Amino acid sequence: MRLTVLGSGSRGNALLLEAGADALLVDAGFSFRELCRRIAAAGLEPTAIRGIVLTHEHGDHTRGAARAAAAWGVPVWATAGTLAALGDRLVPAPATAPLEQSRRTRCGGFFVTAFPTAHDAADPVVVVVEDGSGRRVGVAYDAGFPTAALAFACRDLDALVLETNHDEVMLRSSRYPPSVRARIAGRGGHLSNAQAAALAAEVAHAGLAALVLAHLSDRCNTPELARAAVERALVGTAFRGALVVASQNEPLPTLDVGSGLGQLSLPLGRR
Ligand SMILES: [Zn+2]
Ligand SMILES: [Zn+2]
């Protein structure tokens with residue numbers, strides 16, 4: 001399976017998974033035009049896209065979904081609560097279909113399993129996408145706080161896209177009003193670097209080809225802080241894959257997560 005993170009952050013999230021002749025878009029949080037620009041910039045074609053999976057209804061995950069689905073003639077999959085919350089905002093998508101929690105749903109040439117997360121949306125989920133050869137990629141954005149369900153979803157993956165939203169010190173000293181700071185750090189908000197690092201250490205294993213740190217706050221985090229927190233936590237684990245930080249503005253190079261080892265950065269310990 002190949003993973004291309006098209007962009008991630010509070011201004012938009014989207015990634016593309018490819019296996020054989022099929023591709024699946026997970027979240028479509030950029031305008032349709034911007035999605036097309038990023039897909040082309042990554043050297044990919046939208047013709048292989050068989051559908052769009054949405055993790056929850058927030059605009060930074062769904063902005064371009066309806067137009068993209070209509071233009072590509074593909075369905076949108078999301079939990080029933082997310083579909084209901086989006087309502088008319090999914091017009092003119094040609095079809096929608098529910099993702100049932102904790103059950104595998106066939107989506108194009110893939111199987112998607114959704115797990116509940118703690119986030120201030122109607123029915124938000126982390127998704128695990130499996131290809132026909134059993135490779136599994138997890139996408140965990142907007143995860144609130146580390147629940148047992150989240151840790152379960154992140155186990156035994158070939159690649160994991162994991163939210164590292166904020167550095168706690170930067171958040172506490174930020175100019176956000178106290179109510180916003182409380183929402184971000186609270187149980188319905190976002191994972192901090194430290195929370196994500198602890199989770200990464202818990203689920204890291206020798207077969208995890210890539211760990212992508214995503215959904216970084218541009219005010220309360222830096223790529224260096226997120227990476228350092230996770231790197232520290234991974235010392236002593238069996239993880240030997242690629243550790244990369246997603247960008248809000250540009251796609252990451254495509255990661256091959258089908259060969260057992262990611263191909264972007266040097267394994268930990270060899271830097
Ligand atoms: Zn959200
Ligand atoms: Zn978000």
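Just follow the structure's listing: the first ligand is 1, and inside any ligand the first atom is 1. What you see is a predicted model; the values in this text were computed from it and never measured.
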Novice: Judged by modelled atom types alone, do Asn13 and Ser8 share a side-chain donor-acceptor pair under 3.5 Å?
Specialist: yes
Novice: Quick one: list whatever passes salt bridge (Lys or Arg N to Asp or Glu O under 4.0 Å) with Glu168, sequence neighbours left out.
Specialist: none
Novice: By residue and atom, what protein N/O/S atoms are less than 2.8 Å from the Zn ion (ligand 1)?
Specialist: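 Protein N, O or S atoms closer than 2.8 Å to the Zn ion (ligand 1): His56 NE2, His58 ND1, His119 NE2, Asp142 OD2.
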Novice: Using a 6.0 Å distance limit plus a 45 degree cone around the ring axis, check whether Arg181 lies over the aromatic ring of Tyr176.
Specialist: no
Novice: Check whether Arg136 reaches the backbone of Val128 with its side chain - one donor and one acceptor, N or O, closer than 3.5 Å.
Specialist: no
Novice: Under a 3.5 Å threshold, yes or no: a donor from one side chain and an acceptor from the other, between Gln101 and Asp123?
Specialist: yes
Novice: Which atom pair, heavy atoms only, marks the closest approach of Leu208 to Leu160?
Specialist: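 Heavy atoms only, the tightest pair is CD1-N, 3.9 Å.
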